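Quick notes on the structure that follows.
A note on names: the letters A, B, ... follow the listed sequences, proteins ahead of strands, and every chain is numbered from 1. Note that the structure is predicted; figures quoted are calculated from it, not measured.
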Amino acid sequence: MNEVMKQSISDNIDTITKRWVEQMKDNSSERFLDLMPASVVETTSREFTTLMTSNLSHREKVDKERLDEFTEKIIHFGWSIKFINRAIDTFSAVVYELFFETGVLTNSNLRQGMDIFSSWINPLRESIIEEYATKWEQTDSLQKIALQELSASLIPVFEKISVMPLVGTIDTERAKLIMENLLEGVVKQRAEVVLLDITGVPVVDTMVAHHIIQAADAVRLVGAKCMLVGIRPEIAQTIVTLGINLTDFSTTSTLRRGMQEALQMTGRTIVEEE
Amino acid sequence: MKMRIPILKLKDTLIVSIQVELDDQTALQFQEDLLDQLHKTSARGVVIDLTPIDFIDSFIAKVLGDVIHMTSLMGAKVVITGIQPSVAITLIELGIRLENVKTALDLENGLEKLTRELEA
Amino acid sequence: MEHGSSIEINTEWDIVAARQLGRNEAKETGFGTVDQARITTAISELARNIYLYAGKGVIKIEPVRAGQRAGLIITASDEGPGITDLQKVMEDGFTTSGGLGAGMPGVKRLMDDFRVETEVGIGTTITATKWLH
């Protein structure tokens, strides 16, 4: 009976694909089907239906390579897991309907047909979702690495003075990275004063403040001085409201004023030319 | 296997470069030796260079802190130099802040800092 | 487990041996200098605790693999008196030996996972894991 089903599907693959697309469009809020060019929708849908039928003749064996390729593609297109689930449901419904129309399924063999049907669709659904999850995790960790590479470099501005501009939210993992870059940089650049510029940090809560204080402490241990600059009014407010103690620090509102102080600390001033 | 950490005298400063991994006995011996030398030479300043040291645990940190405290009780100033980034991070994460400790990037900076401190 | 090593802690010298072993294992696993220092320090703290409070015990250092992550597990076990007040021991600054009281909470901060199993009169086993990022 598997073979009959398989034959029937491959005979009607065009109809299945067409109906599938229509039904997906009808009850879908995903933008994929509306936004993508018709040709892409066409090939992707075809690939999807082909993939869905690939394991019908020899059950339980899903074509790994094709699955791999396809999953990567749909992640790229931004299919959500919900969308994939519905795609599979819709596909089953379309095929089920078609089997009745073509007489592959009748009332008498319904039970046997349903068995084959479920042992065919379910493992497929599992493999697709599993593959999707794995791929997504990979993408996620790649993005994390990319973000880490973006963040926190120490810039030697003058002799003995370096600046680290911090941009974006600081979580524990990033804080560790910032600390390492900061200290390695201080030692390498032989900085005596480092300015930590938090102008670009949207929120300074107790945790972020804690990380900043730790970083400044560590900077002191390696033999330099850390200044916190770029403290916006709202940040100053939260710091005081939360009762965070930054009194051990020199802090200034702007990088410019911080730089002037840093120059003073290292025994220099900016002089205007006559 | 007992090691002694050499303590050098340069004018009125004692210079210590810790080159080996400190075990507990060596650390305690060093504490004793340094205080002895301070007493004998009446040096006014001490620079302890930790550049080759790649880790400090809470015990060694405590000995160091004690040494610094005792030294200042005897009227001398201490500058610690060359703490490696990895060591600084580990100390901070352990919760050891070594407050009131003067530090410098390397021995040279440390000697300069000490001279300034002693002049002040 | 690929390989791993363990060392008995009986004397102060074994603390030094344990952390040297730890540093080598950390290097071999591919940890950077900062993590090497974290792992070495954690081992030193754990080994010292065994020496100070239980007299003797074992430090085990083993590479682990979980899915795509690799790391190092340190297990410190002894048959000492056990810890009566675990909550107190995990507080910063609490010490019964005149130390800095940084050991236990410090190790927890240095490592990624940290677990203590202890029973008074039976002994203590501490497991701490560091993952490669």
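Between the side chains of B/Ser17 and B/Gln19, at least one donor N or O lies within less than 3.5 Å of an accepting N or O. Looking at B/Asp33 and B/Gln29, their side chains do bring a donor and an acceptor atom within 3.5 Å of each other.
If you measure heavy-atom distances from A/Val186 to chain B, the contacts under 4.5 Å come from both the backbone and the side chain. Both the backbone and the side chain of B/Leu98 come within contact range of chain A, with heavy atoms under 4.5 Å apart. Only the side chain of A/Lys176 has a heavy atom closer than 4.5 Å to any heavy atom of chain B. Neither the backbone nor the side chain of A/Ala215 comes within contact range of chain B; no heavy atoms are under 4.5 Å apart.
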Derivation of the side chain to side chain contact (heavy atoms under 4.5 Å, CB included) call for A/Ser162 and A/Leu154: CA-CA 6 Å; A/Ser162 297; A/Leu154 188 68; 3.7 Å; yes
Test salt bridge (charged side-chain N to carboxylate O under 4.0 Å, His left out) applied to A/Arg86 and A/Asp89, step by step: CA-CA 5 Å; A/Arg86 200 169 41 229; A/Asp89 285 341; over 6 Å; no
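Taking all atoms of both residues into account, the shortest heavy-atom contact from A/Val229 to A/Thr254 is CB-O, 3.9 Å. Pairing each heavy atom of B/Pro6 with each of B/Val16, the nearest pair is O-CG1, 3.9 Å. Across every non-hydrogen atom of A/Arg232 and A/Ile198, the tightest pair is NH2-O, 4.2 Å.
Distance check, rounded to the nearest 0.5 Å: CD of A/Glu130 to NZ of A/Lys135 gives 11.5 Å. Separating the CD1 atom in B/Ile96 from the CG atom in B/Leu64 is a distance of 10.0 Å, to the nearest 0.5 Å. Here the straight-line distance linking atom CZ of B/Phe55 with atom CG of B/Leu91 works out to 10.5 Å at 0.5 Å rounding.
Residues of residues 102-120 of chain B having a heavy atom under 4.5 Å from any heavy atom of chain A, listed by number: B/Thr103, B/Ala104, B/Leu105, B/Asp106, B/Asn109. Contacts between residues 34-46 of chain B and chain A, counted as heavy-atom pairs separated by less than 4.5 Å, involve no residue at all.
In this structure, A/Asp140 places its CG atom where more than 12 heavy-atom neighbours from other residues, nucleotides or ligands lie under 6.0 Å away.
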